[in-house]
Amino acid sequence: MEQFRTLEDLRGYIKDLEKYYARPTLRDEHPTLYFNVQEGTVIQGIRKRDYLFSPCESWVLPNDKMGLSFSAHWQHLKRIYKLKEKYAKGRPIDVYWVLEATEIPDGLQFVPDPKDSRHYLLTVTKRMRVDELVTKLEWVADRMSIIREAKVGI
């Protein structure tokens with residue numbers, strides 16, 4: 001597979017392949033976990049607002065309306081990229097992406113957002129310990145491709 005330099009390159013390449021899931025991320029930040037955020041808003045790198053936690057916050061519970069946010073359509077990715085750009089304060093933005101056919105760990109599933117068909121959530125399908133979800137999100141991140149310093153180009 002070749003190296004892509006722009007979002008436009010990626011768009012052209014995958015147009016004829018299959019569905020993809022993408023996340024614009026600030027340079028040097030993890031594509032699936034959060035470490036540089038306000039204390040109390042994350043548990044072991046997982047944002048509390050992304051997943052449903054048990055009251056003791058040791059378990060993540062299944063919920064098909066909560067999960068890690070991914071774009072699955074060019075226009076949605078472009079919009080999210082521009083939003084991220086506003087808050088980047090000049091830092092480069094990389095786009096991490098994975099094709100739909102990529103195997104994801106047991107207990108995780110991409111689910112379309114009922115409010116926006118261009119938006120998908122990586123949801124939890126079975127109860128698991130927080131550290132187990134962290135391991136699975138790291139596994140997904142290791143299999144994602146990256147466009148360094150992605151440019152919208154439109």
Side-chain angles (χ1 to χ4, degrees), residues 1-53 57 60 63-105 108-124 130-154:
M1 188 173 276
E2 61 187 278
Q3 172 65 39
F4 302 107
R5 299 192 184 279
T6 68
L7 288 178
E8 198 61 43
D9 290 347
L10 174 62
R11 178 184 189 195
Y13 184 79
I14 64 173
K15 187 164 49 171
D16 298 325
L17 286 178
E18 58 186 294
K19 188 180 292 178
Y20 68 96
Y21 305 109
R23 290 179 55 80
T25 304
L26 292 176
R27 172 67 50 87
D28 298 327
E29 289 189 3
H30 198 275
T32 58
L33 298 171
Y34 295 86
F35 298 109
N36 301 323
V37 295
Q38 182 179 352
E39 191 176 323
T41 62
V42 297
I43 301 169
Q44 295 183 40
I46 301 170
R47 284 192 312 192
K48 288 183 180 181
R49 71 179 191 193
D50 287 342
Y51 290 97
L52 179 62
F53 289 88
E57 297 184 340
V60 182
N63 186 320
D64 62 355
K65 294 184 179 36
M66 296 181 80
L68 196 59
S69 179
F70 283 81
S71 296
H73 187 275
W74 173 251
Q75 291 301 328
H76 189 268
L77 176 60
K78 188 171 133 182
R79 184 174 61 83
I80 299 302
Y81 184 94
K82 285 182 179 182
L83 264 173
K84 185 80 72 174
E85 209 171 31
K86 283 183 182 179
Y87 300 100
K89 299 179 184 172
R91 289 176 56 198
I93 299 171
D94 299 331
V95 174
Y96 289 83
W97 63 280
V98 64
L99 292 174
E100 179 181 40
T102 302
E103 276 190 41
I104 57 171
L108 298 181
Q109 177 181 348
F110 282 107
V111 175
D113 185 340
K115 296 176 273 183
D116 186 348
S117 63
R118 302 171 304 173
H119 179 239
Y120 276 69
L121 300 171
L122 182 57
T123 64
V124 168
V130 171
D131 61 323
E132 186 179 352
L133 178 57
V134 168
T135 300
K136 290 179 182 203
L137 291 175
E138 288 173 337
W139 191 93
V140 169
D142 287 345
R143 281 145 184 86
M144 295 176 82
S145 297
I146 184 172
I147 302 172
R148 296 228 177 257
E149 293 190 54
K151 303 289 183 215
V152 175
I154 293 179

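Source: prediction; values computed, not measured.
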Looking at F70, W97, Y21, which hits ring-ring contact (aromatic ring centres under 6.0 Å, His included) with Y120?
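Exactly one candidate clears the test, Y21.
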
Identify the two heavy atoms, one from [X] and one from [Y], that lie closest to each other, and give their separation to 0.1 Å.
X	Y	answer
R79	D116	NH2-OD2, 4.1 Å
I104	W139	CA-CZ3, 3.8 Å
Y51	F53	O-CD1, 3.4 Å
K115	D113	N-OD1, 2.9 Å

Working for side-chain contact (heavy atoms from CB on, under 4.5 Å), residues L83 and I80:
CA-CA 5 Å; L83 264 173; I80 299 302; 4.3 Å; yes

For K48, does the NZ atom sit with more than 12 other heavy atoms under 6.0 Å from it, leaving out its own atoms?
yes

Counting neighbours of CZ on F35 that are heavy atoms of other residues, nucleotides or ligands and sit closer than 6.0 Å, is the number greater than 12?
yes

From [X] [atom1] over to [Y] [atom2], what is the distance, rounded to the nearest 0.5 angstrom?
X	Y	atom1	atom2	value
M66	R49	CE	CZ	10.0 Å
Y96	I146	OH	CD1	3.5 Å
E85	K78	CD	NZ	11.5 Å
L122	K136	CG	NZ	10.5 Å
T25	H30	OG1	NE2	9.5 Å
Q44	E132	CD	CD	11.5 Å

Tell me whether [X] contacts the main-chain N or O of [Y] through its side chain, where contact means a donor paired with an acceptor under 3.5 Å.
X	Y	answer
T123	Q109	yes
T32	L137	yes
R27	P92	no

Output all residues satisfying salt bridge (Lys or Arg N to Asp or Glu O under 4.0 Å) with R143, sequence neighbours left out; order by chain, then residue number.
none

Looking at residues at least two apart in the chain, or sitting in another chain, which of them share a salt bridge (Lys or Arg N to Asp or Glu O under 4.0 Å) with E138?
none

Could you go through the side-chain contact (heavy atoms from CB on, under 4.5 Å) check for L108 and V124 one step at a time?
CA-CA 5 Å; L108 298 181; V124 168; 4.0 Å; yes

So among I43, I46, T41, D50, which one has a side-chain contact (heavy atoms from CB on, under 4.5 Å) with Y34?
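Going through I43, I46, T41, D50 one by one, the side-chain contact (heavy atoms from CB on, under 4.5 Å) with Y34 is satisfied by D50 alone.
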
May I ask you to decide whether R91 forms a salt bridge with E29, counting only side-chain N to carboxylate O separations under 4.0 Å?
yes

Working note: R23 + S69, criterion side-chain contact (heavy atoms from CB on, under 4.5 Å); need CA distance, chi angles, decisive distance, verdict.
CA-CA 7 Å; R23 290 179 55 80; S69 179; 4.2 Å; yes

Start with the C-alpha gap between Y87 and I93, add the side-chain angles, then the distance that decides, and say whether side-chain contact (heavy atoms from CB on, under 4.5 Å) holds.
CA-CA 10 Å; Y87 300 100; I93 299 171; over 6 Å; no

